[in-house]
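Everything below concerns the one structure shown next.
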Amino acid sequence: KAMVPVTLFIWLLIEIASYMALSRYWFNASWDVAVLGALGGVLGLRMGIVAITWAFAYAHPSPAPKLSTGQTIWMMLSEYLAFILTFILVIPFERLWMPADRLRPSKQPIILIHGYGCSRGVWWKIRRDLEAAGHTVASVSLVPPYASIGKLVPQLGQRIDQVCKATGAQQVILVGHSMGGLVSRSYLARHGIAQVAKLITIATPHQGSELSRVGFVGQSAHEMEPGSMWLRDLASEPVKIPVISIRTPHDNFVMPQDNQRLLEAEDLELAGIGHLALLYARRTVDILLGILGNPK
């Protein structure tokens, strides 16, 4: 289950070593300059990736509340920092951020399901905040990361069984970020609602994302293309439990942004925030705590 963290850690080392070798042996730079160059290269590449997502977002917009220039700059900067935090500091060093789930007796534990190309590590802050409010929270890492979404469903089913057994619960609450919401819906379509009381999705591409056509790899990316057969099949299986869609009309990964809407879901809008930044925003936690209420 540590596939994504280990892979990202190895690629990060290779990337840093490549930048330093280029600086040392191509430009004949000193070690100090080579280290600074490697740092600049790592940060600059991620800045370019995030900039591309915003460019695509503005090319495929949905109607959204207008932001001031300052709000727009802050939103983009926050998303860039969230990207850096997620893929350079958190996931490659997941064990430092996300110790094993602390499962205790609970009537309705929460299971957090990550999105495309990520791992359970992305939930480190939300899990901490929910636990501080008294909730029992579990997580799961789905592998391989780019496999068909349907192939990830048995892993979620296994985790639900484990959490119910460990906590004595009959049902859990699923919270899925991005593709994690689709995995959750696919589980419900395949296995029913007996063990799930509620579904909360965060920035989930319920109707797909145009970025999947060009920015992602793997079978799951093809399944998240708007109009894909997989999404059409999933749409034919409406969710039969309470479902809430927390979305941002300024999403830079799900585009058009209205593709986060789900017909049978209660729709909660968080404006002025990016796709990954939702995982770190206090506004997201406050909404979740309002939905989940006091643990019993």
Side-chain angles (χ1 to χ4, degrees), residues 1 3-5 7-8 46 49-50 53 56-57 79 82-88 90-92 94 97-98 110-127 137-153 155-156 159 174-188 199-213 215-226 228 230-231 234 243-248 250-255 257 259-262 265 270 273-281 284 288:
K1 298 300 183 181
M3 175 184 296
V4 173
T7 300
L8 279 181
R46 275 74 186 171
I49 293 171
V50 174
T53 67
F56 270 91
E79 181 68 8
F83 192 94
I84 293 294
L85 180 61
T86 300
F87 293 107
I88 292 183
V90 173
I91 295 181
E94 182 182 285
W97 297 80
M98 281 286 283
I110 301 160
I111 300 182
L112 306 173
I113 306 102
H114 64 82
Y116 175 89
C118 294
S119 73
R120 61 186 288 271
V122 300
W123 294 107
W124 69 273
K125 184 178 184 302
I126 286 179
R127 185 181 75 163
V137 187
S139 57
V140 60
S141 284
L142 304 173
V143 295
Y146 308 119
S148 169
I149 296 173
K151 291 185 177 180
L152 304 177
V153 169
Q155 297 172 51
L156 175 57
R159 189 60 177 146
L174 300 181
V175 179
H177 176 251
S178 195
M179 191 184 77
L182 297 179
V183 177
S184 300
R185 285 177 58 201
S186 185
Y187 167 86
L188 293 171
L199 169 62
I200 304 170
T201 66
I202 304 173
T204 290
H206 291 294
Q207 301 176 57
S209 174
E210 290 292 337
L211 192 62
S212 296
R213 301 187 192 277
F216 298 159
V217 298
Q219 182 61 32
S220 56
H222 294 303
E223 292 167 349
M224 288 189 289
E225 293 177 4
S228 72
W230 192 89
L231 284 175
L234 185 63
V243 53
I244 298 169
S245 172
I246 301 172
R247 63 175 182 83
T248 167
H250 299 101
D251 201 295
N252 57 311
F253 279 84
V254 181
M255 57 196 74
Q257 291 75 21
N259 282 11
Q260 298 166 77
R261 295 180 184 272
L262 181 64
L270 279 179
I273 190 168
H275 187 79
L276 290 170
L278 281 166
L279 291 167
Y280 305 103
T284 306
L288 286 174

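These numbers were taken from a predicted model, which means no experiment stands behind them.
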Side-chain ([X]) to main-chain ([Y]) donor-acceptor, under 3.5 angstrom:
| X | Y | result |
| --- | --- | --- |
| Glu79 | Ile273 | no |
| Glu223 | Ile149 | yes |
| Ser184 | Gly180 | yes |
| Ser209 | Met255 | yes |
| Gln260 | Gln257 | yes |
| Ser119 | Ile91 | no |
| Thr86 | Phe83 | no |
| Arg213 | Pro226 | yes |
| Asn259 | Gly208 | yes |

Does the side chain of His222 come under 3.5 Å of the side chain of Glu225 through a donor N or O and an acceptor N or O?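 Present: a donor and an acceptor within the cut-off.
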Is the shortest side-chain heavy-atom distance between [X] and [Y] below 4.5 Å?
| X | Y | answer |
| --- | --- | --- |
| Val90 | Val122 | no |
| Trp97 | Leu85 | yes |
| Leu262 | Arg185 | yes |

Nearest 0.5 Å please: distance from the [atom1] atom of [X] over to the [atom2] atom of [Y].
| X | Y | atom1 | atom2 | answer |
| --- | --- | --- | --- | --- |
| Ser141 | Leu152 | OG | CG | 11.0 Å |
| Arg127 | Ile110 | CZ | CD1 | 12.0 Å |
| Ile200 | Leu112 | CD1 | CG | 9.5 Å |
| Ser178 | Asp251 | OG | CG | 7.5 Å |
| Ile246 | Thr201 | CD1 | OG1 | 7.5 Å |
| Trp123 | Ile111 | CH2 | CD1 | 12.0 Å |

Nearest non-hydrogen partners of [X] and [Y], listed with the distance:
| X | Y | result |
| --- | --- | --- |
| Pro145 | Met3 | CD-SD, 3.5 Å |
| Thr204 | His177 | OG1-C, 4.3 Å |
| Cys118 | Phe87 | SG-CZ, 3.8 Å |
| Val254 | Ala203 | CG2-O, 3.6 Å |
| Leu182 | Leu234 | CD2-CD2, 4.0 Å |
| Ile126 | Leu279 | CG1-O, 3.5 Å |

Looking at Lys151, I'd like to know if its NZ atom is crowded, meaning that more than 12 non-hydrogen atoms belonging to other residues, nucleotides or ligands lie closer than 6.0 Å.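 Open.
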Verify side chain to side chain contact (heavy atoms under 4.5 Å, CB included) between Gln155 and Val143, making sure each step is shown before the conclusion. CA-CA 8 Å; Gln155 297 172 51; Val143 295; 3.9 Å; yes
Among Met98, His114, Arg159, which residue meets the side chain to side chain contact (heavy atoms under 4.5 Å, CB included) test with Ser139?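 In the set Met98, His114, Arg159, the residue that makes a side chain to side chain contact (heavy atoms under 4.5 Å, CB included) with Ser139 is Met98.
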Partners of Trp230 by ring-ring contact (aromatic ring centres under 6.0 Å, His included), sequence neighbours excluded?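 Here no residue qualifies.
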Measuring centre to centre across the rings, with the benzene-like ring taken for any Trp, is Phe253 within less than 6.0 Å of Phe56?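 Ring centroids of Phe253 and Phe56 are no less than 6.0 Å from each other.
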